[in-house]
Amino acid sequence: MTVTPHSNWWVVTDLDGTLMDHHYDWSAAMDVILCLQRHGIPVIPCTSKTAEEVLRFRELADLHDPFIVENGGAIYGESATGELWHHDLGPSWRQLRPQLADLERELGEPLQALDDLSESEADRLLGLSGEALRQAQRRQCSVPFVPPKTPESRHRLQGLAAMRQLGVVQGNRLGHLLGAGVSKGQALKTLKQRQGVPDVKVLALGDSPNDLPLLDAGDCAVVVPGPTGPHPELKNGVAEGRYQLAPAPHGEGWSAAVLRYIPGLQDNDTVLA
């Protein structure tokens with residue numbers, strides 16, 4: 001692997017809706033991922049997915065960089081000998097799962113957990129079935145659930161969770177129950193310390209509200225839009241100039257943003273220019 005001055009950068013990215021489209025296709029980003037790897041720039045998934053799901057993606061993409069799972073619930077990496085290590089950053093699924101039922105009673109509205117969805121329900125809502133669904137359901141440090149329908153109920157749920165010293169974040173399709181203070185941004189800070197690179201520059205890419213802590217922790221933050229534009233809760237940050245807006249949805253926009261914002265990368269890979 002060629003290590004260049006660019007390798008003082010990390011590309012830290014959400015997966016679903018950002019690098020991948022909502023059918024989990026990331027083929028539009030493959031060439032740029034290979035480009036980053038050639039230049040020794042880590043590609044670090046920072047996602048609501050489980051470790052099992054990310055390990056499968058890393059295998060397909062031939063990545064060996066560390067990663068962040070379950071919205072910041074844990075960080076993972078490989079030792080020099082290739083052994084996998086992990087560090088949990090919040091309460092376990094076993095501790096969180098009963099709390100969702102309590103919150104459901106307090107809210108007075110259904111909060112159906114991902115692990116309670118039938119295969120047909122999950123396929124309709126998430127496009128997941130079979131082993132892919134089971135990997136998504138085997139949680140270690142978060143509880144995804146079908147969120148309330150109205151903004152008012154979602155806001156009230158966050159308040160109820162805070163009273164229990166818990167947090168709720170919203171992805172594109174599911175809410176996620178976490179420990180208080182657990183976030184993608186905090187996990188990134190911990191990972192930088194663990195890797196001994198507190199000053200590494202971070203290109204952060206995301207598409208939904210649960211990515212806000214990641215975007216705010218980046219040196220350069222990029223919102224990747226969906227087919228109808230950026231998520232409404234991220235529009236203000238783009239308008240205010242705190243976040244850049246990728247020029248296209250999903251993997252295509254992700255690739256263009258990486259080539260634009262990693263200094264000199266495009267100039268050194270004319271095949272991608």
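Bear in mind the structure is a predicted one, so any value in this text is a computation, not a measurement.
Distance alone, capped at 3.5 Å, is enough to place a donor-acceptor pair between the Glu70 side chain and the Gln140 backbone. Between the Ser48 side chain and the His176 main chain, no donor and acceptor come within less than 3.5 Å of each other. Side-chain N or O atoms of Glu119 include one that pairs as donor or acceptor with a backbone N or O of Gly130 at under 3.5 Å. With hydrogens and angles disregarded, a donor-acceptor distance shorter than 3.5 Å links the side chain of His231 to the backbone of Glu233. A side-chain donor-acceptor contact under 3.5 Å links Gln95 to the backbone of Ser92. Looking at Asp88, its side chain never comes within 3.5 Å of a backbone N or O of Gly90 through a donor-acceptor pair.
Minimum heavy-atom separation, Cys46 to Val12: CB-CG1, 3.7 Å. Closest non-hydrogen pair, Val182 versus Asn71, comes out as CG1-O, 3.9 Å. Scanning all heavy atoms of the two residues, the minimum distance from Asn8 to Val200 falls at O-CG2, 3.1 Å. Taking both residues in full, the closest heavy atoms of Pro247 and Ala256 are given as CG-CB, 3.6 Å, listed atom of the first, atom of the second, then distance. Scanning both residues, Pro230 and Pro225, for their nearest heavy atoms gives N-CB, 3.7 Å. When all heavy atoms are compared, the tightest approach of Leu205 to Leu214 is O-CD2, 3.8 Å.
Within the model, atoms CG of Asp123 and OG of Ser129 stand 5.0 Å from one another, a figure rounded to the nearest 0.5 Å. The distance from the CD atom of Gln37 to the CG atom of Leu63 is 5.0 Å, given to the nearest 0.5 Å. Atom CG of Asp102 and atom CD of Gln99 lie 6.0 Å apart (nearest 0.5 Å). Distance CD/Glu131 to CD/Glu53: 10.0 Å, rounded to 0.5 Å. Rounding to the nearest 0.5 angstrom, the gap separating the CG atom in Asp62 from the CG atom in Leu34 is 8.0 Å. Rounded to the nearest 0.5 Å, atoms CG (Asp65) and CG (Leu36) are 9.5 Å apart.
When side chains are defined from C-beta on, Gln170 does not count as touching Asn210, because their heavy atoms never get closer than 4.5 Å. Between Trp10 and Leu188 there is a side-chain heavy-atom pair separated by less than 4.5 Å. Using a 4.5 Å heavy-atom threshold, the side chains of Gln244 and Val238 count as separate. For the pair Leu114 and Phe145, the minimum side-chain heavy-atom distance is 4.5 Å or more. Between Val222 and Leu245, the closest side-chain pair of non-hydrogen atoms is not below 4.5 Å. Annotation: side chain of Val11 is not in contact with side chain of Ile44 (no heavy-atom distance under 4.5 Å). Looking at Val168 and Leu178, their side chains never come closer than 4.5 Å, going by heavy atoms from C-beta outward. Using a 4.5 Å heavy-atom threshold, the side chains of Leu125 and Val146 count as touching.
Under a hydrophobic-cluster definition in which Ile, Leu, Val, Met, Phe, Trp and Tyr are linked whenever side-chain heavy atoms come within less than 4.5 Å, directly or via other members, Val169 and Val54 are assigned to different clusters. A single hydrophobic cluster is seen to contain both Leu96 and Leu107, as judged by linkage of ILVMFWY side chains at heavy-atom distances under 4.5 Å, directly or through other members. Cluster membership check: Met30 shares its hydrophobic cluster with Val224, using side-chain heavy-atom separations under 4.5 Å among Ile, Leu, Val, Met, Phe, Trp and Tyr. In the hydrophobic clustering of ILVMFWY residues, with side-chain heavy atoms under 4.5 Å counting as a link, Ile33 and Ile262 come out together. When the side chains of ILVMFWY residues are joined at heavy-atom separations under 4.5 Å, either directly or via intervening members, Leu15 and Leu203 end up in a single hydrophobic cluster.
A side-chain donor from one of Ser118 and Glu121 sits under 3.5 Å from a side-chain acceptor of the other. For the residue pair Thr18 / Asp207, a side-chain donor-acceptor distance below 3.5 Å is found, with atom types taken as modelled. The closest side-chain donor-acceptor pair between Trp93 and Ser142, if any, does not fall under 3.5 angstrom. Side-chain N/O atoms of Thr81 and Glu83 include a donor and acceptor closer than 3.5 Å.
The number of heavy-atom neighbours closer than 6.0 Å to CD of Gln165, taken from other residues, nucleotides and ligands shown, is 12 or below. Counting non-hydrogen atoms of neighbouring residues, nucleotides and ligands closer than 6.0 angstrom, the CD atom of Glu252 reaches no more than 12 such neighbours.
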>> Using side-chain contact (heavy atoms from CB on, under 4.5 Å), reason through Asp219 and Lys201 one step at a time and then give a plain yes or no.
In response: CA-CA 6 Å; Asp219 296 279; Lys201 294 186 181 299; 3.9 Å; yes

> Are Phe57 and Lys49 close enough, and set up right, to give a side-chain contact (heavy atoms from CB on, under 4.5 Å), and what steps lead you there?
Replying inline: CA-CA 10 Å; Phe57 167 73; Lys49 288 182 178 294; over 6 Å; no

> Given the rule in the side-chain contact (heavy atoms from CB on, under 4.5 Å) test, do Val258 and Thr13 qualify, once you have shown the distances and angles that lead to the verdict?
Replying inline: CA-CA 10 Å; Val258 169; Thr13 180; over 6 Å; no

>> The test is side-chain hydrogen bond (donor to acceptor under 3.5 Å, both in side chains); show your working for Ser79 and Trp85 and say whether it passes.
In response: CA-CA 7 Å; Ser79 69; Trp85 58 261; over 6 Å; no

> So Leu128 and Tyr24, side-chain contact (heavy atoms from CB on, under 4.5 Å) or not? Walk me through it.
Replying inline: CA-CA 10 Å; Leu128 291 174; Tyr24 309 106; 3.7 Å; yes

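The existence of a salt bridge linking Asp116 and Arg97 is confirmed by a sub-4.0 Å separation between a basic side-chain nitrogen and an acidic carboxylate oxygen. Taking the charged nitrogens against the carboxylate oxygens, Glu59 and Arg56 do have a contact shorter than 4.0 Å, which makes a salt bridge. The existence of a salt bridge linking Lys184 and Asp211 is confirmed by a sub-4.0 Å separation between a basic side-chain nitrogen and an acidic carboxylate oxygen. For the pair Glu106 and Arg164, the salt-bridge criterion is met [side-chain N within less than 4.0 Å of a carboxylate O]. A salt bridge does not link Arg154 with Glu109: none of the charged nitrogens is closer than 4.0 Å to a carboxylate oxygen. Under 4.0 Å is where a charged nitrogen must lie from a carboxylate oxygen, and between Asp16 and Arg173 no such pair does.
Ring planes of His86 and Tyr76: parallel class, angle under 30° (limits at 30 and 60°). Relative ring orientation between His250 and His22 is described as perpendicular, the plane-to-plane angle rising above 60° on a 0-90° scale split at 30° and 60°.
The side chain to side chain donor-acceptor pair (under 3.5 Å) analysis of residues 190-200, with sequence neighbours excluded, yields no pairs.
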